[in-house]
Undergrad: 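Before I ask anything, let me first share the structure, which is written out below as structure tokens.
Chain identifiers are assigned alphabetically (A, B, ...) following the order of the sequence lines, protein sequences preceding nucleic acid strands; residue numbering begins at 1 within each chain.
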2 protein chains.
Amino acid sequence: MIDTLPSQRLAPLIRTLRKAQGLSQEALAERAGLHRNFVSLIERGKNQPTVDTLFRLAEALGVTAVELVERISTANDPA
Amino acid sequence: MIDTLPSQRLAPLIRTLRKAQGLSQEALAERAGLHRNFVSLIERGKNQPTVDTLFRLAEALGVTAVELVERISTANDPA
DNA sequence: ATGTAGACTCGTGTCGACC
DNA sequence: GGGTCGACACGAGTCTACA
């Protein structure tokens, strides 16, 4: 059973993957066609993305959306 | 390359899976803790869910969120 | 049982500025 | 480079009602 909300598990994962790519929030935002502030909010779990935005973030991070979802679906710490 | 938006590919898939479970929109909505109208909008591609809502829909459909995302990530028709 | 319409609340997502 | 604030447009999500 997963008690934490997916979006809360997604937040730190985005940050981890972004740093693994050596990207700044600004660079990630530009790649994903999003605003810099929004990336900041997502990484801190203040906002959660919609489905389309999730896919754009995944692509910008160089991973598949499936990979993102897999990692926030596991019981272990995704980051 | 995937030109169609994920949310647009998700729409018919939700409907297919729901019918495969023999559920009405109402029943699915109740299971997922959503409103009946919202399910109707999603299945017709008028609205797209957020990440948390996607997970709740997946669970209510008896599949994993990973499975949903896998099927809307393929080049083939997910439904 | 589904689609649609309207009205509503609140969150997503943008933008500029500042720290 | 990142956090935060305020303001904004628009979309997510609820609800009632009708076809």
Undergrad: Counting only side-chain N and O atoms of R15(A), is one of them less than 4.0 Å from OP1 or OP2 of dG1(D)?
TA: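 For dG1(D), OP1/OP2 do not have a side-chain N/O of R15(A) under 4.0 Å.
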Undergrad: Between dG3(C) and S40(B), is there an OP1 or OP2 to side-chain N/O distance shorter than 4.0 Å?
TA: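 S40(B) to dG3(C) OP1/OP2: side-chain N or O found under 4.0 Å.
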Undergrad: Round to a whole Å and report the spacing from CG of L41(B) to C1' of dG13(D).
TA: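 It works out to 9 Å between those atoms.
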Undergrad: Roughly how far apart are L10(A) CG and L5(A) CG, rounded to 0.5 Å?
TA: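 It is 11.0 Å, given to the nearest 0.5 Å.
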Undergrad: At a heavy-atom distance below 4.0 Å, what parts of residues 21-29 of chain B sit against DNA chain D?
TA: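 Contacts with DNA chain D under 4.0 Å: none.
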Undergrad: Under 3.5 Å, side chain of N47(A) to main-chain N/O of I42(A), donor-acceptor pair present?
TA: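 Side chain of N47(A) to backbone of I42(A), a donor-acceptor pair under 3.5 Å: no, none is there.
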Undergrad: Once you round it to whole Å, what is the distance between P of dG13(C) and CG of L54(A)?
TA: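 To the nearest whole Å, that distance equals 10 Å.
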Undergrad: Please find the pair of heavy atoms, one from A60(B) and one from L23(B), that lie closest to each other, and give the distance.
TA: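 Between these two residues, the closest heavy atoms are O-CD1, 3.9 Å.
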Undergrad: To the nearest 0.5 Å, what is the distance between CZ (R36(B)) and CG (L41(B))?
TA: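 Reported to 0.5 Å precision, the distance equals 10.0 Å.
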Undergrad: Mind listing the closest non-hydrogen atom pair of L54(B) and P49(B) along with its distance?
TA: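 So the minimum-distance heavy-atom pair works out to N-CB, 4.1 Å.
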Undergrad: Determine the contact category for R18(A): base if any of its heavy atoms lies under 4.0 Å from a base atom, sugar-phosphate if only primed atoms, P, OP1 or OP2 are that close, otherwise nothing.
TA: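 Contact class for R18(A): sugar-phosphate only.
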Undergrad: As an exercise, state the distance from CD of Q21(A) to CG of L61(A), rounded to the nearest 0.5 Å.
TA: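 One gets 7.0 Å once the value is rounded to the nearest 0.5 Å.
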Undergrad: Show the nearest heavy-atom pair for residues L17(A) and V63(A), with the distance to one decimal.
TA: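 Shortest heavy-atom separation between L17(A) and V63(A) comes out as CD1-CG2, 4.2 Å.
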Undergrad: Shortest non-hydrogen contact from G45(A) to A11(A)?
TA: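 The answer is N-CB, 3.6 Å.
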Undergrad: Mind listing the closest non-hydrogen atom pair of S40(B) and Q25(B) along with its distance?
TA: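 In terms of heavy atoms, the two residues are closest at CB-OE1, 3.5 Å.
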Undergrad: Figure out the CD1/P separation between I42(A) and dG2(D), and round it to whole Å.
TA: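 Spelled out: CD1 on I42(A) to P on dG2(D) is 14 Å.
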Undergrad: Does L34(A) reach a base, just sugar-phosphate, or nothing at all? Heavy atoms under 4.0 Å.
TA: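 The answer is sugar-phosphate, as L34(A) gets under 4.0 Å only of primed atoms, P, OP1 or OP2.
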Undergrad: Nearest-Å distance, CD (E43(A)) to P (dG1(D))?
TA: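 That distance rounds to 14 Å.
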Undergrad: Report each atom pair, protein N/O against N/O of nucleotides 15-19 of chain C, whose distance is under 3.5 angstrom.
TA:
| residue | atom | partner | partner atom | Å |
| --- | --- | --- | --- | --- |
| dC15(C) | N4 | N37(A) | ND2 | 2.7 |
| dG16(C) | O6 | N37(A) | ND2 | 2.3 |

Undergrad: Do the side chain of R56(B) and the main chain of G33(B) share a donor and acceptor less than 3.5 angstrom apart?
TA: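 Between the backbone of G33(B) and the side chain of R56(B) there is a qualifying donor-acceptor contact (under 3.5 Å).
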Undergrad: What are the two closest heavy atoms between V51(B) and Q48(A), and how far apart are they?
TA: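 Scanning both residues, the minimum pair turns out to be N-OE1, 3.3 Å.
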Undergrad: What's touching nucleotides 10-12 of chain D from the protein side, N or O pairs under 3.5 Å?
TA:
| residue | atom | partner | partner atom | Å |
| --- | --- | --- | --- | --- |
| dA12(D) | OP1 | Q48(B) | N | 3.1 |
| dA12(D) | OP1 | Q48(B) | O | 3.3 |
| dA12(D) | OP2 | N47(B) | ND2 | 3.4 |

Undergrad: Have a look at R56(A) and say if it touches a base, only the backbone sugar-phosphate, or nothing, with a 4.0 Å heavy-atom cut-off.
TA: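 Nothing, no nucleic acid heavy atom in range.
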